[in-house]
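Report on the structure given below.
Counting starts at 1 for both ligands and their atoms, in listed order.
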Amino acid sequence: MPAAEELRRRAAEAAGRCGVDLDAVAGDREGTSPVNGATVSSLRWAQVSEVDEAVARAHAAFKEWRLVPAPVRGAVVKRLGELLTQHKEDLATLISIEVGKITSEARGEVQEMIDICDYAVGLSRQLFGRTMTSERPGHRLMETWHPLGVVGVISAFNFPVAVWSWNTAVALVCGDTVIWKPSETAPLCALAANALLQRALSEAGYSTDVSQVVIGGAEVGEALVDNRRVALVSATGSTRMGRAVGPRLAERFGRSLLELGGNNAAIVAPSADLDLTTRGIVFAAAGTAGQRCTTMRRVIAHESVIDSVVERVAAAYEKLPIGDPMSDGTLVGPLVNERAYEAYAAAIEKAQAAGGEVVAGGDRVLADAAPDAFYVRPTVIRMPEQTEVVHQETFAPILYVMPYTTFAEAIELNNEVPQGLSSSVFTSDQVEAELFMSAGGSDCGIVNVNIGTSGAEIGGAFGGEKETGGGRESGSDAWRAYMRRATNTINYSGELPLAQGVTFDV
Ligand code: NAD
């Protein structure tokens with residue numbers, strides 16, 4: 001394990017290279033690294049009153065930014081993509097230090113930020129509306145999309161910077177300004193990413209108020225949610241957080257985009273290629289130490305293959321290198337904190353009480369080398385049925401495996417949980433694949449065939465149904481959430497015919 005002082009130094013240097021002035025943001029709120037429990041930052045958290053000041057500045061900046069032509073706004077996002085490319089290693093280091101991701105996944109997260117910048121630059125020339133035929137002669141109907149306003153972004157610890165970039169790159173080309181309340185676990189990541197964007201804005205001669213960060217806890221997020229000048233709040237985190245944020249926004253008719261918890265399953269059919277299936281399961285279930293919203297938490301395997309699936313996955317789990325996420329070869333890093341470890345241990349206990357059999361993992365490791373960190377062995381539990389604990393999202397590497405007999409039953413089990421983010425089927429039977437993707441199939445926002453539940457690309461819309469919140473971010477037409485639509489009726493007839501045949505002659 002790296003020494004505490006070493007981690008703190010590396011974090012400070014990486015943040016500094018990205019343009020963060022650590023003295024200017026210093027304070028008494030300590031941030032610790034899940035790698036070894038060491039303190040790696042001491043920062044000042046924002047007061048609630050400062051959120052309102054930031055919103056006022058963002059609102060003033062919006063009045064100018066909305067008038068900048070979208071492709072010119074796109075050029076700023078292009079520059080952000082270049083700066084992210086230059087500082088990929090710095091950001092990846094900060095991600096590993098603050099949230100414990102292995103280096104390859106941390107780099108992947110930054111790559112995703114670069115990808116969404118590319119996407120948003122193209123999008124900046126394609127923010128299009130439709131024209132429709134009018135029922136009246138000499139009339140035309142069309143819709144125009146306009147910038148929405150100030151967008152508040154609240155993000156979770158496990159994608160400490162990518163989620164911000166999905167929202168921000170798109171919001172900026174749409175003409176919005178952004179205030180980001182990052183996870184309290186990853187403030188340095190946030191300050192570093194935003195410093196790069198502020199550099200891109202300054203170089204192009206725009207106000208840095210277009211993109212601001214407010215560091216703090218839930219109360220800072222609440223202040224963003226309650227501020228009537230924040231037109232849209234895009235909030236990523238637990239369903240518990242969404243339950244608090246959603247109604248508060250609805251109360252003031254603010255727009256919300258909620259990206260909440262998942263409880264993602266894969267169905268393994270008798271015809272599945274079990275080598276490919278095993279690899280798909282192991283990455284999706286044990287990768288990121290089980291701390292992705294799209295982590296595979298359930299396997300629903302046909303009774304004829306369940307023994308083989310369990311055996312293969314358990315054997316692969318035995319070989320997973322666990323440890324310092326920045327060491328070469330490590331595939332499983334730490335849990336984010338002690339609370340996450342307690343939730344892991346409690347879920348295993350509950351599953352066992354409900355008849356579950358732990359067939360791989362199930363315990364903490366490296367407690368001597370890193371007593372203040374929480375490394376666990378990814379765990380496979382064979383369950384007799386889908387019991388209560390399997391309905392919950394435990395944000396840790398626990399995979400429950402359950403049997404099914406008919407494909408219809410497997411779909412029922414997939415859909416039975418309250419969350420609706422991601423799902424997969426492993427099958428070589430085209431009919432099963434089509435059924436799973438059909439109206440009568442998976443009820444999730446992401447429905448995959450022969451790949452795992454995690455690792456989405458930015459080109460598609462990302463999000464899920466039910467308790468996952470219903471929001472969609474990133475690609476496809478997700479940009480519409482960041483704009484307002486005006487419907488225009490243009491009369492070039494010289495007459496004034498009324499719609500629906502109404503007459504009103506004075
Ligand atoms: P969390 O809910 O504890 O915190 C998320 C963010 O919400 C943090 O910035 C936090 O400060 C803020 N927050 C908490 N309560 C708030 C409130 N009342 N008002 C305003 N802001 C508030 O989540 P976490 O532990 O950081 O992340 C893990 C969770 O996030 C998991 O449930 C995971 O599935 C989910 N997640 C979902 C997605 C998705 O796209 N669906 C992506 C990543 C993570």
**Asked** For ligand 1, which atoms sit closer than 4.0 Å to a heavy atom of G221?
**Response** 20 (C), 21 (N)
**Message:** If only side-chain N and O atoms count, and only distance matters, is there a donor-acceptor pair under 3.5 Å linking S234 with E473?
**Reply:** yes
**Request:** Could you tell me which atoms of ligand 1, counted from 1 in the order shown, lie closer than 4.0 angstrom to a heavy atom of S183?
**Result:** 9 (O)
**Message:** I need the I458 CD1 to S474 OG distance, nearest 0.5 Å.
**Reply:** 5.0 Å
**Prompt:** With a 4.0 Å cut-off, would you call K101 and E98 a salt bridge?
**Reply:** no
**Message:** Quick check on contacts: which atoms of ligand 1 are under 4.0 angstrom from a heavy atom of K181?
**Reply:** 8 (C), 9 (O), 10 (C), 11 (O)
**Fill in**
Interatomic distance, CG@L197 vs CG@L172, rounded to 0.5 Å, equals 5.5 Å
**Prompt:** Mind checking whether V163 has an N or O less than 3.5 Å away from an N or O of ligand 1?
**Reply:** no
**Prompt:** What residue and heavy atom of the protein are closest to atom 27 (O) of ligand 1, and at what distance?
**Reply:** A156 CB, 3.3 Å
**Message:** Closer than 4.0 angstrom, basic N to acidic O: yes or no for D226 and R252?
**Reply:** no
**Message:** For ligand 1 and S155, I'd like to know whether there is a polar contact (N/O to N/O, distance under 3.5 Å).
**Reply:** yes
**Prompt:** About how many Å separate CG of L249 and CZ of R255, when rounded to the nearest 0.5 Å?
**Reply:** 12.0 Å
**Message:** Counting only nitrogen or oxygen atoms and a 3.5 angstrom limit, does L260 reach ligand 1?
**Reply:** yes
**Message:** I'd like to know whether ligand 1 has P182 as a neighbour, heavy-atom separation below 4.0 Å.
**Reply:** yes
**Asked** Does an N or O from S238, backbone or side chain, lie closer than 3.5 Å to an N or O of ligand 1?
**Response** yes
**Message:** Test of understanding: given a 4.0 Å heavy-atom threshold, classify the contact between F462 and ligand 1 as side chain, backbone, both, or neither.
**Reply:** side chain
**Request:** Using the six-membered ring wherever Trp is involved, compare the ring planes of Y341 and F374 and label them parallel, tilted or perpendicular (cut-offs 30° and 60°).
**Result:** parallel
**Request:** Take the angle between the ring planes of F157 and F395 and call it parallel below 30°, perpendicular above 60°, tilted in between.
**Result:** perpendicular
**Message:** Assess, by modelled atom type and distance only, whether the side chains of N264 and T294 contain a donor and an acceptor separated by less than 3.5 Å.
**Reply:** no
**Asked** Under 4.0 Å from ligand 1, counting heavy atoms only, is it the side chain of A244, its backbone, both or neither?
**Response** side chain
**Prompt:** Salt-bridged, R472 to E465, with N to O below 4.0 Å?
**Reply:** yes
**Message:** I'd like to check Y317 versus L399 (side-chain heavy atoms, cut-off strictly below 4.5 Å). Are they in contact?
**Reply:** yes
**Request:** Would you mind checking which non-hydrogen protein atom is closest to atom 18 (N) of ligand 1, with the distance to 0.1 Å?
**Result:** E222 OE2, 3.3 Å
**Selection from E473, E184, M241 by shortest heavy-atom distance to atom 15 (N) of ligand 1** = M241
**Asked** At what distance is the nearest protein heavy atom to atom 43 (C) of ligand 1, and which residue and atom is it?
**Response** N158 OD1, 3.2 Å
**Nearest-contact summary for atom 12 (C) of ligand 1 - protein heavy atom, Å** = I154 CG2, 3.7 Å
**Request:** For atom 36 (N) of ligand 1, grab the closest protein heavy atom and report residue, atom and distance to one decimal in Å.
**Result:** C293 CB, 3.6 Å
**Asked** Among protein heavy atoms, which sits nearest to atom 24 (P) of ligand 1, and what does the distance come to when rounded to 0.1 Å?
**Response** F157 CD2, 3.7 Å
**Request:** Identify whether the distance between the nearest side-chain nitrogen and carboxylate oxygen of R298 and E416 falls below 4.0 Å.
**Result:** no
**ligand 1 to T236 polar contact by distance, N or O atoms, under 3.5 Å** = no
**Request:** Output yes when the distance from some N or O of ligand 1 to some N or O of E393 is under 3.5 Å, and no in every other case.
**Result:** yes
**Sub-4.0 Å heavy-atom contact, F395 with ligand 1** = yes
**Message:** Is R240 close enough to touch ligand 1? Criterion: a residue heavy atom under 4.0 Å from a ligand atom.
**Reply:** yes
**Prompt:** Closest non-hydrogen protein atom to atom 35 (C) of ligand 1, residue and atom name please, with distance?
**Reply:** G237 O, 3.2 Å
**Message:** Protein non-hydrogen atoms only, distance under 4.0 Å: does atom 4 (O) of ligand 1 have such a neighbour?
**Reply:** no
**Request:** Indicate whether any N or O donor in one side chain lies under 3.5 Å from an N or O acceptor in the other, for N414 and S423.
**Result:** no
